[in-house]
Amino acid sequence: MKLVHIIPSLEKERCGIKEHALFVSKSLNGISIENIGSKQSFWREELAKLSPDCVLLEHEYQFFYSNRLRILKQYFKGIPFILDQHTVSPNVHDENLRLAESVDQVLVHSKKAYDYYLSNDITNVTLLQLPFDLSKRKLVSKDIVKRSMKTENRFLIGFFGMFYAHKGIKEIILALCYLKSQNRELFDQVKIIINASLPSNLSNVYHLKQCEDIANQYDLESTDSLQFFMNYESKTIILSRLAACDAIFLPYIEHGGYAASAALTTCSESYVPIFTSNTYFFDTIPDQCIIKSLNSVEDIMDAISNLVQKNNWSQYVENHKDFMKKNSIHQYTQKLIDVIKSC
């Protein structure tokens with residue numbers, strides 16, 4: 001079987017959807033796969049050379065415009081199309097339905113997205129939990145990582161993901177700033193590291209400037225309590241840094257599009273407690289696996305306080321490990337192959 005796999009990008013940028021797509025491609029045993037980056041892919045001579053049995057399109061509105069699906073379908077007439085829709089936005093309701101009706105199968109990763117389609121009589125939809133990577137990586141030791149960041153005697157909190165406003169990075173920084181002014185003793189025991197790629201558009205650049213201005217206003221640099229890692233780095237380096245953390249914070253804010261967090265699957269490989277907001281981004285992860293408490297700046301401050309008080313979160317980590325085993329890449333690809341064969 002030959003599969004053309006359209007993914008957001010083949011460039012060096014840390015994108016959760018791209019990482020998911022490459023992970024799936026690498027794990028689909030027994031299938032010949034041609035990966036094409038949607039930012040670079042729509043050259044007619046390139047498409048004309050391909051003769052797949054199926055097309056799997058990783059769809060995200062900010063990466064992939066709908067007219068490109070029409071171009072693809074012109075070249076692959078009669079070929080089954082599977083749309084892996086990473087965000088389903090009710091704000092473009094008619095477009096969602098048109099896309100779903102124009103393909104053979106739609107994959108979604110959020111219960112909210114799945115229910116949305118069913119409520120609109122779209123039945124060619126499958127809910128798949130984003131898969132986890134259970135392979136063993138040789139990470140840099142926690143002691144070495146913490147020593148390199150001069151945090152041997154501090155609680156280290158990490159964030160990983162794209163630098164979008166709805167990811168809650170500004171809220172993390174605000175919580176740190178308020179701690180500095182309200183509880184200096186607690187503040188001095190904590191450092192936060194932001195591992196994030198900056199999407200190249202003006203709104204995200206402006207959001208980064210906002211975050212930097214807030215940090216400068218409270219003079220966080222002089223206290224070495226906040227550090228950004230914005231360059232592209234290997235997954236092993238990022239995981240080494242995350243695994244050295246005492247906790248990971250993902251305080252996502254609902255923004256009108258139903259989606260699951262691909263970044264969470266990466267963070268999960270660090271095997272440390274993960275704190276999130278209680279939003280649809282995490283609605284396929286059981287409450288016993290992650291702590292869904294970060295719904296405001298005040299909640300983030302409380303979570304930092306609880307962390308420093310050394311509350312025990314180990315059972316969440318163990319529960320999460322069990323959940324990951326039941327939703328590994330092996331289980332995911334088996335389900336995906338069944339979907340491909342059903343087309």
Side-chain angles (χ1 to χ4, degrees), residues 16 109-112 127-143 145-146 151-161 167-168 171-172 175-176 179 186 189-195 235 238-253 260-332:
H109 308 290
S110 161
K111 290 179 182 176
K112 194 85 170 178
L127 173 62
L128 288 180
Q129 164 65 46
L130 287 173
F132 297 97
D133 187 352
L134 302 181
S135 60
K136 301 294 184 181
R137 294 178 184 271
K138 189 173 182 179
L139 303 180
V140 180
S141 76
K142 181 173 182 176
D143 289 342
V145 173
K146 295 197 78 167
T151 56
E152 301 99 311
N153 301 315
R154 297 164 82 175
F155 288 86
L156 191 60
I157 298 169
F159 170 91
F160 169 72
K167 297 297 181 78
E171 285 67 26
I172 293 174
L176 194 58
L179 274 182
L186 178 59
Q189 298 179 65
V190 174
K191 178 169 182 172
I192 291 177
I193 56 172
I194 305 294
N195 304 270
K235 190 174 180 181
I238 289 173
L239 275 175
S240 294
R241 202 176 288 136
L242 293 175
C245 292
D246 297 284
I248 294 169
F249 284 8
L250 301 175
Y252 288 20
I253 301 165
S261 171
L264 174 68
T265 62
T266 297
C267 294
S268 300
E269 295 175 54
S270 65
Y271 301 111
V272 301
I274 299 176
F275 292 72
T276 73
S277 53
N278 189 21
T279 67
Y280 50 70
F281 289 103
F282 312 104
D283 65 10
T284 61
I285 310 297
D287 293 350
Q288 298 84 1
C289 298
I290 56 179
I291 304 98
K292 301 179 182 180
S293 63
L294 306 183
N295 301 307
S296 67
V297 173
E298 292 75 17
D299 289 341
I300 298 172
M301 294 170 68
D302 288 343
I304 293 173
S305 177
N306 289 333
L307 193 66
V308 172
Q309 291 172 17
K310 297 186 178 179
N311 288 346
N312 190 351
W313 310 107
S314 59
Q315 191 56 54
Y316 283 91
V317 176
E318 293 305 312
N319 293 341
H320 200 166
K321 286 180 182 178
D322 291 339
F323 182 74
M324 291 168 67
K325 291 175 184 176
K326 296 173 183 175
N327 293 276
S328 70
I329 187 62
H330 175 71
Q331 280 90 354
Y332 184 91

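- Centroid-to-centroid, the aromatic rings of F249 and F275 come within less than 6.0 Å.
- Exactly one of L179, L186, L176 qualifies for a side-chain contact (heavy atoms from CB on, under 4.5 Å) with M301. That residue is L179.
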(request) List the steps and the verdict of side-chain hydrogen bond (donor to acceptor under 3.5 Å, both in side chains) for N327 and Q331. (result) CA-CA 6 Å; N327 293 276; Q331 280 90 354; over 6 Å; no

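- N295 contributes a side-chain N or O that, together with a main-chain N or O of N278, makes up a donor-acceptor pair within less than 3.5 Å.
- Residues M324 and T265 form no side-chain contact, since every pair of their non-hydrogen atoms from C-beta on lies 4.5 Å or further apart.
- Taking CD1 from I253 and CD from E171, the interatomic distance works out to 3.5 Å, rounded to the nearest 0.5 Å.
- Counting heavy atoms from C-beta outward, Q315 and N319 have side chains that approach closer than 4.5 Å.
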(request) Start with the C-alpha distance between D133 and S135, add both sets of side-chain angles, then the distance that settles side-chain hydrogen bond (donor to acceptor under 3.5 Å, both in side chains), and finish with yes or no. (result) CA-CA 6 Å; D133 187 352; S135 60; 2.6 Å; yes

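- Taking the six-membered ring for Trp and thresholds of 30 and 60 degrees, F323 and F132 have ring planes more than 60 degrees apart, a perpendicular arrangement.
- In this structure, N195 CG and L242 CG are separated by 5.0 Å, a value rounded to the nearest 0.5 Å.
- For the 3.5 Å distance criterion, the side chains of H320 and S268 qualify, holding a donor opposite an acceptor.
- Judged by distance alone, the side chain of T151 and the main-chain N or O of K146 form a donor-acceptor pair under 3.5 Å.
- Interatomic distance, CG of L307 versus CZ of F155, reported as 6.0 Å (0.5 Å rounding).
- With rounding to the nearest 0.5 angstrom, the CD1 atom of I193 is 10.0 Å from the CD1 atom of I238.
- Every residue two or more places apart in sequence or in another chain was checked for a side-chain hydrogen bond (donor to acceptor under 3.5 Å, both in side chains) with D302, and none qualifies.
- The backbone N or O of V190 lies less than 3.5 Å from a partner atom in the side chain of R154, making a donor-acceptor pair.
- Atom NZ of K321 has more than 12 neighbouring heavy atoms from other residues, nucleotides or ligands inside a 6.0 Å radius.
- Side-chain contact annotation: S314 with N312, donor-acceptor N/O pair under 3.5 Å present.
- Although no hydrogens or angles enter the test, the distance criterion places a donor-acceptor pair under 3.5 Å between the side chain of K292 and the main chain of I285.
- Using a 4.5 Å heavy-atom threshold, the side chains of F281 and L264 count as separate.
- When every heavy atom of A260 is checked against every heavy atom of L130, the shortest pair comes out as CB-CD1, 3.9 Å.
- Residue K142 holds its NZ atom at 10.0 Å from OG of S270, rounded to the nearest 0.5 Å.
- The side-chain heavy atoms of V272 and I248, taken from C-beta on, include a pair separated by under 4.5 Å.
- Taken from CH2 in W313 to CD in E318, the straight-line distance is 15.5 Å, to the nearest 0.5 Å.
- At distances below 3.5 Å, at least one donor-acceptor pair connects side-chain atoms of H109 with backbone N or O atoms of L128.
- K111 places a side-chain heavy atom less than 4.5 Å from the side chain of T284.
- The minimum heavy-atom distance between L294 and A303, with the atom names listed, is CD2-CB, 3.6 Å.
- Looking at heavy atoms from C-beta onward, S110 lies in side-chain contact with Y280 at the 4.5 angstrom threshold.
- Side-chain atoms of D283 come within 3.5 Å of backbone N or O of K112 as a donor-acceptor pair.
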